[in-house]
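Worth saying up front: this structure is predicted, and the values here are computed from it rather than measured. As a basis for the values below, the full set of heavy atoms in this structure was taken, side chains included, without hydrogen atoms, waters or symmetry mates.
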Amino acid sequence: MKVMQILKLKGSTGVETIAETASVAEAVGRLSAKGIGALVVTRDGGSMAGIVSERDIVRQIGREGATVLSQSVRGIMTVKVSTCEPGEDALEVLNRMTRGRFRHMPVLLRGQLAGILSIGDVVKARIEEIEAENEAMAHMLSGSI
């Protein structure tokens with residue numbers, strides 16, 4: 001299965017972004033309101049500057065306390081972001097996420113943000129793929145094809 005197939009299965013058309021100058025409190029509000037785990041951080045309303053996740057926020061609050069909420073996202077975001085492309089194999093992306101111990105990966109198409117995958121998106125798609133293969137195998141073995 002390819003990354004583009006998972007994006008299509010998600011049915012998601014946009015990627016939630018936040019300006020690097022926005023406050024951590026604003027990021028928390030957006031994550032909560034949207035029910036998501038990460039925001040792509042943008043510079044000047046366009047280019048990707050990083051990513052900020054629930055995990056980034058919780059770790060920083062653990063280090064500094066609630067004062068973090070008034071700081072800008074720029075100070076806590078992950079700057080070195082691993083990305084993938086729509087044509088990449090989903091299992092390879094899953095392996096990269098697992099090895100890197102991160103749960104969100106922006107998808108770039110010709111250098112532009114085309115979507116974002118969570119590790120849950122990839123696992124769900126893989127489980128559905130395996131279930132479909134098992135069902136096809138069962139039908140084939142029972143002679144009902």
| When clusters are formed from ILVMFWY side-chain contacts under 4.5 Å, directly or step by step, what else is grouped with L39? | I18, V24, V28, L31, I36, V41, V52, I57, I61, V68, L69, V73, I76, M77, V79
| message | Let me confirm one number: the CD-NZ distance from E129 to K124, rounded to the nearest 0.5 Å. | response | 13.0 Å
| Quick one: side-chain contact (heavy atoms from CB on, under 4.5 Å) partners of E88, sequence neighbours excluded? | V3, C84, E85, V93, R96
| task | Give the minimum heavy-atom separation between Q60 and R63, together with the two atoms involved. | result | OE1-NH1, 2.8 Å
| field | Qualifying residues under salt bridge (Lys or Arg N to Asp or Glu O under 4.0 Å), relative to E92, sequence neighbours excluded | value | R99
| query | Given M1 and D89, is the side-chain contact (heavy atoms from CB on, under 4.5 Å) satisfied, shown in steps? | reply | CA-CA 6 Å; M1 180 173 284; D89 184 73; 5.9 Å; no
| For I130, which fellow cluster members are found when Ile, Leu, Val, Met, Phe, Trp and Tyr are connected by side-chain heavy-atom distances below 4.5 angstrom, either directly or through intermediates? | none
| request: Say whether S53 and D56, considering side chains only, have a donor N or O and an acceptor N or O under 3.5 Å apart. | output: yes
| field | Partners passing side-chain contact (heavy atoms from CB on, under 4.5 Å) against S118 (at least two apart in sequence or in another chain) | value | H104, D121
| Counting distance only, does the side-chain N/O of S32 pair as donor-acceptor with the main-chain N or O of G29 below 3.5 Å? | no
| message | Does atom CD (Q112) have a neighbourhood of more than 12 heavy atoms from anything else shown, all under 6.0 Å? | response | no
| message | Using every non-hydrogen atom in the two residues, find where A90 and I6 come nearest and quote the distance to one decimal. | response | CB-CD1, 3.5 Å
| field | R55 side chain near R103 side chain, heavy-atom distance below 4.5 Å | value | yes
| query | What is the minimum heavy-atom distance between P106 and V40, and which atoms define it? | reply | CG-CG2, 4.2 Å
| Excluding sequence neighbours, so at least two apart, what forms side-chain contact (heavy atoms from CB on, under 4.5 Å) with P86? | M4, V107, L109
| task | For the residue pair E20 and T42, establish whether any side-chain heavy-atom pair is separated by less than 4.5 Å. | result | no
| request: Enter the distance from L117:CG to T83:OG1 here, rounded to the nearest 0.5 Å. | output: 11.0 Å
| query | Between R30 and T17, is there a donor-acceptor pair closer than 3.5 Å when you use the side chain of the first and the backbone of the second? | reply | yes
| query | Is there a chain of hydrophobic side chains (I, L, V, M, F, W, Y, each step under 4.5 Å between heavy atoms) that links V58 to F102? | reply | no
| field | Distance in Å, L94 CG paired with M105 CE, rounded so as to fall on 0.5 Å steps | value | 9.5 Å
| query | For E131 and E135, what are the C-alpha separation, side-chain angles and deciding distance, and is it a side-chain contact (heavy atoms from CB on, under 4.5 Å)? | reply | CA-CA 6 Å; E131 287 174 346; E135 188 175 320; over 6 Å; no
